[in-house]
Number of protein chains: 2
Amino acid sequence: MANTMRIMGGRWKPAILCRLMHGTMRYNELKKSIEGISERMLVAQLRELENDGIIARVIYPEVPPRVEYHTTDLGKTMHDLINAMAEWGHMYRTVAEQKVLVQEAIL
Amino acid sequence: MANTMRIMGGRWKPAILCRLMHGTMRYNELKKSIEGISERMLVAQLRELENDGIIARVIYPEVPPRVEYHTTDLGKTMHDLINAMAEWGHMYRTVAEQKVLVQEAIL
DNA sequence: TTAGGTACTAACAAAAAAGTAAGTATGAGA
DNA sequence: TCTCATACTTACTTTTTTGTTAGTACCTAA
């Protein structure tokens with residue numbers, strides 16, 4: 001479990017993984033779709049996921065350059081897990097919200 | 001998903017969660033069973049999990065003091081997720097190991 | 001009266017992660 | 001020749017997280 005966290009952990013990895021689980025994306029597309037990320041961080045997190053064998057980087061020898069990212073077979077095995085985590089996170093938020101409402105009702 | 005990571009993320013939270021999923025434990029038991037953790041970190045991570053509603057802290061007014069930690073109902077909903085993560089992590093390690101072996105065979 | 005066990009707390013240092021800002025290479029097209 | 005778009009690098013700063021060490025409070029029992 002700590003291992004799983006090491007791979008998925010990082011400020012922007014959830015955002016990247018969610019997107020690439022749905023298909024291939026270019027560097028710029030990722031950058032534009034992930035609000036607030038800096039290029040340094042985008043590259044860093046992509047490299048880590050690549051080194052961990054979760055995503056693949058495909059370079060097209062064109063000008064201007066084109067680089068596409070997509071999940072590997074190993075990466076695709078995370079699909080259900082990611083969904084389960086997203087679902088739990090959603091449930092958690094709902095419960096937490098309820099608690100706040102109940103608190104407010106008491107006061 | 002990022003939310004889930006925020007709650008489970010932290011150097012020692014996986015270790016704590018795995019243990020408390022199996023039942024109640026005292027502070028000292030946790031400390032002894034988690035090799036390498038400092039008291040500062042143990043307390044900090046326990047407090048975070050408590051504030052997030054994942055675990056509960058029960059103080060017995062005895063001397064020497066006794067404090068027990070256990071998962072809340074909300075915490076117990078993480079059980080399957082934690083197992084799934086542990087399982088994926090294990091699978092990942094196996095695959096990664098295989099890859100290294102193949103690499104070595106090629107060289 | 002003093003040592004002992006439990007569960008912390010506080011102050012500080014080190015390390016790791018993330019953010020900021022500026023620069024680079026490439027060839028296409030004006 | 002000069003600008004443009006893309007996909008990065010690099011150097012540096014700030015923030016966050018983690019580690020280290022040394023205390024503290026409490027009652028009990030010798």
Side-chain angles (χ1 to χ4, degrees), chain A residues 1-20 23-52 54-72 85, chain B residues 1-20 23-52 54-72 75:
Chain A
M1 185 194 169
N3 205 35
T4 307
M5 295 288 291
R6 192 189 56 74
I7 288 164
M8 307 197 314
R11 176 84 174 75
W12 304 98
K13 282 188 193 170
I16 292 170
L17 286 172
C18 282
R19 281 162 182 78
L20 293 186
T24 296
M25 276 182 126
R26 293 183 60 168
Y27 174 84
N28 240 358
E29 290 181 295
L30 284 165
K31 186 177 128 191
K32 279 172 193 160
S33 87
I34 303 173
E35 178 168 36
I37 196 172
S38 68
E39 306 218 33
R40 177 171 127 46
M41 271 298 115
L42 179 53
V43 174
Q45 307 261 296
L46 285 170
R47 289 293 181 282
E48 282 185 28
L49 290 170
E50 193 191 350
N51 290 336
D52 286 334
I54 307 299
I55 66 173
R57 180 165 172 258
V58 184
I59 307 163
Y60 295 87
E62 302 172 0
V63 169
R66 176 155 67 106
V67 179
E68 290 186 348
Y69 294 90
H70 64 87
T71 53
T72 60
M85 291 180 68
Chain B
M1 186 192 168
N3 205 35
T4 307
M5 296 287 292
R6 189 188 60 73
I7 288 163
M8 308 197 314
R11 176 83 173 77
W12 304 98
K13 282 186 192 170
I16 293 170
L17 287 172
C18 282
R19 280 161 184 80
L20 293 186
T24 297
M25 276 183 130
R26 292 182 60 166
Y27 174 84
N28 240 356
E29 290 181 297
L30 283 165
K31 186 176 127 190
K32 279 171 191 160
S33 87
I34 302 174
E35 177 169 37
I37 196 172
S38 68
E39 306 217 33
R40 175 170 132 43
M41 270 297 115
L42 179 53
V43 174
Q45 307 261 293
L46 286 170
R47 291 291 181 284
E48 282 186 26
L49 290 169
E50 193 191 350
N51 290 336
D52 286 335
I54 307 300
I55 66 174
R57 180 165 172 258
V58 183
I59 306 163
Y60 295 88
E62 302 171 1
V63 168
R66 177 156 66 106
V67 178
E68 290 186 349
Y69 293 90
H70 64 86
T71 52
T72 60

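The basis for the numbers below is simple: all heavy atoms, side chains too, and nothing from hydrogens, waters or symmetry mates.
A side chain to side chain contact (heavy atoms under 4.5 Å, CB included) with B:Leu49 holds for exactly one of B:Thr71, B:Ile16, B:Thr72; it is B:Ile16.
On the nucleic acid side, DNA chain D has its first and last nucleotide under 4.0 Å of a heavy atom of chain B at D:dT18 to D:dC27, going 5' to 3'.
Across all non-hydrogen atoms, the minimal contact from A:Lys13 to A:Met8 is CB-O, 3.4 Å. When all heavy atoms of B:Leu20 and B:Tyr69 are compared, the closest pair comes out as CD2-O, 3.5 Å. Looking at every heavy atom in both residues, A:Met5 comes nearest to B:Pro14 through CG-CG, 4.2 Å. The shortest heavy-atom contact between B:Trp12 and B:Glu35 is CZ3-O, 3.8 Å. A:Leu17 and A:Ile54 make their closest contact through CD2-CG2, 3.8 Å (heavy atoms, listed as atom of the first residue, atom of the second, distance).
No contact: A:Tyr60 has no heavy atom under 4.0 Å from any strand.
Between B:Glu50 atom CD and C:dA7 atom P there is a gap of 15 Å when expressed in whole angstrom units. What separates NZ of B:Lys31 from C1' of C:dC8 is a distance of 10 Å, to the nearest Å.
Side chain of A:Arg19 to backbone of A:Ser33: a donor-acceptor contact under 3.5 angstrom is found. Of the possible donor and acceptor atoms, none in the side chain of A:Glu68 sits under 3.5 Å from a partner among the backbone N and O of A:Val58.
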What string of B, S and - do you get for nucleotides 12-30 of chain C, 5' to 3', if B is base contact, S is sugar-phosphate-only contact and - is no contact with any protein heavy atom under 4.0 Å?
-> ------BBB-----BB---

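Of the side-chain N and O atoms in B:Arg66, none sit less than 4.0 angstrom from OP1 or OP2 of C:dA7.
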